[in-house]
Amino acid sequence: MRKTFDIQNLVRENVRGLSPYSSARDEYVSDGSNMVFLDANESPFENGVNRYPDPQQRSLKAMLAEKNGVGTDRLLLGNGSDEVLDLIFRAFCEPKQDNIVTLPPTYGMYKVLAGINDVANREVLLTETFEPDLPGIIKVVDARTKLLFICSPNNPTGNRFSDQQVEELLRTFPGLVIIDEAYIDFSQAKSWAEKLDNYPNLIVTQTLSKAYGMAGIRLGICMASVEIISILNTIKPPYNVNELTQQRAAQRLHRQIEIDDEINLIIAEKDMLSKVLVDVAYVHKVFPSDANFVLAKVDDADFRYRQLLERGIVVRNRSSQPLCENTLRFTVGTVEENRKLLTTLKSLE
Ligand SMILES: *Cc1c(COP(=O)(O)O)cnc(C)c1O
């Protein structure tokens, strides 16, 4: 078991001493009164985007804080969750010295970001049933292990990890545990963000890119202790979430009923797709999914992938991933798109 956890022991030395860039919008925070703004070298001609955006995204954070039941001081927003993940690397991992642990087959960006930040990526494969290999993880950890990435529900396998296993990792892993919940809205499971008080080493990331239907605006959400958020705030680019993104995200978050309807439809279609896929002759296995996609093992993934392309359907061939030989990943589309997919799949010889 871990001794008392001190986040300062994990922060990179250069980051520990940094103070954040102080922008004009940080130094004078508008209270809505009618001021003349001559402080940021902006154009004075109003066109909707001539002013710099709020660097702390206060109104958007207030909405997300209420939705997720966490204080605004435990939230950091980024240009997609990819930026949030990169900030975590840059705050905590010393290039060429520190290492991280990932659990393939999983989301490819963890490895890419480790490469960009020149941090060793210790890969511990999931088990045959796509569960974390706890003893294997503990074995690769050393004094320079900073981060563990848990993607749950996991991409590309679709399953989520058991609470018990995740809890054990949170309790025993000596560094920060990042739980990537990009697909949480499609799952019956509750967000780990509810447990932030219990685990000072927990970081939860979410995104508006999947269930919220806003991949194009790039909005990633990070939830963690006040201490971790404040460290990430010192290194984030001041205007990392642009004005258009802040506006569109806020508009969308006001339409929760519509979002819930879309999520429910996707879940129903996913269940239908999973059931029907089982009956396709060359589909050998359909993996259970808590996400908006289904992973299936087929006879020859390259061949089936090409056949689908020729018929106007693009899926993802995940065969290059460990434990995923001959698998295709099908994202759930509209009712009509899914019908076309199934008709096409059944017609293939
Ligand atoms: C799609 C996805 C994301 C989303 O990243 P954004 O940068 O927010 O679009 C994050 N994590 C996983 C596992 C994903 O599959």
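Atoms within each ligand, like the ligands themselves, are counted from 1 in listed order. The figures here come from the full heavy-atom set of this structure, side chains too, leaving out hydrogens, waters and symmetry mates.
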Which protein non-hydrogen atom lies closest to [atom], naming both residue and atom, and how far is it?
{"atom": "atom 5 (O) of ligand 1", "result": "Ser81 OG, 3.0 Å"}
{"atom": "atom 7 (O) of ligand 1", "result": "Arg218 NH2, 2.6 Å"}
{"atom": "atom 15 (O) of ligand 1", "result": "Tyr183 OH, 2.6 Å"}

Any donor-acceptor pair under 3.5 Å linking the side-chain atoms of [Y] with those of [X]?
{"X": "Tyr212", "Y": "Gln256", "result": "yes"}
{"X": "Asn240", "Y": "Glu83", "result": "yes"}
{"X": "Thr145", "Y": "Asp142", "result": "yes"}
{"X": "Asp180", "Y": "Tyr110", "result": "yes"}

### Query
Is it true that Glu325 and Lys297 have a side-chain N and a carboxylate O under 4.0 angstrom from each other?
no
### Task
Using non-hydrogen atoms of the residue, decide whether Gly220 is closer than 4.0 angstrom to ligand 1.
no
Which bit of [X] is near ligand 1, meaning a heavy atom under 4.0 Å away: side chain, backbone, both or neither?
{"X": "Lys210", "result": "side chain"}
{"X": "Met109", "result": "neither"}
{"X": "Asp180", "result": "side chain"}
{"X": "Ala182", "result": "side chain"}

### Message
With a 6.0 Å cut-off (strictly less than), is the heavy-atom count around CD of Glu66, excluding the residue itself, greater than 12?
### Response
no
Atom indices of ligand 1 within 4.0 angstrom of [X] heavy atoms, with elements:
{"X": "Gly80", "result": "7 (O), 8 (O)"}
{"X": "Ser209", "result": "6 (P), 8 (O), 9 (O)"}
{"X": "Cys151", "result": "13 (C)"}

### N or O contact, Asp82 vs ligand 1, cut-off under 3.5 Å
yes
### NZ or CZ of Arg25 within 45° of Tyr52 ring axis and under 6.0 Å
no
### Over-ring placement of Arg304 relative to Tyr282, 6.0 Å and 45° cut-offs
yes
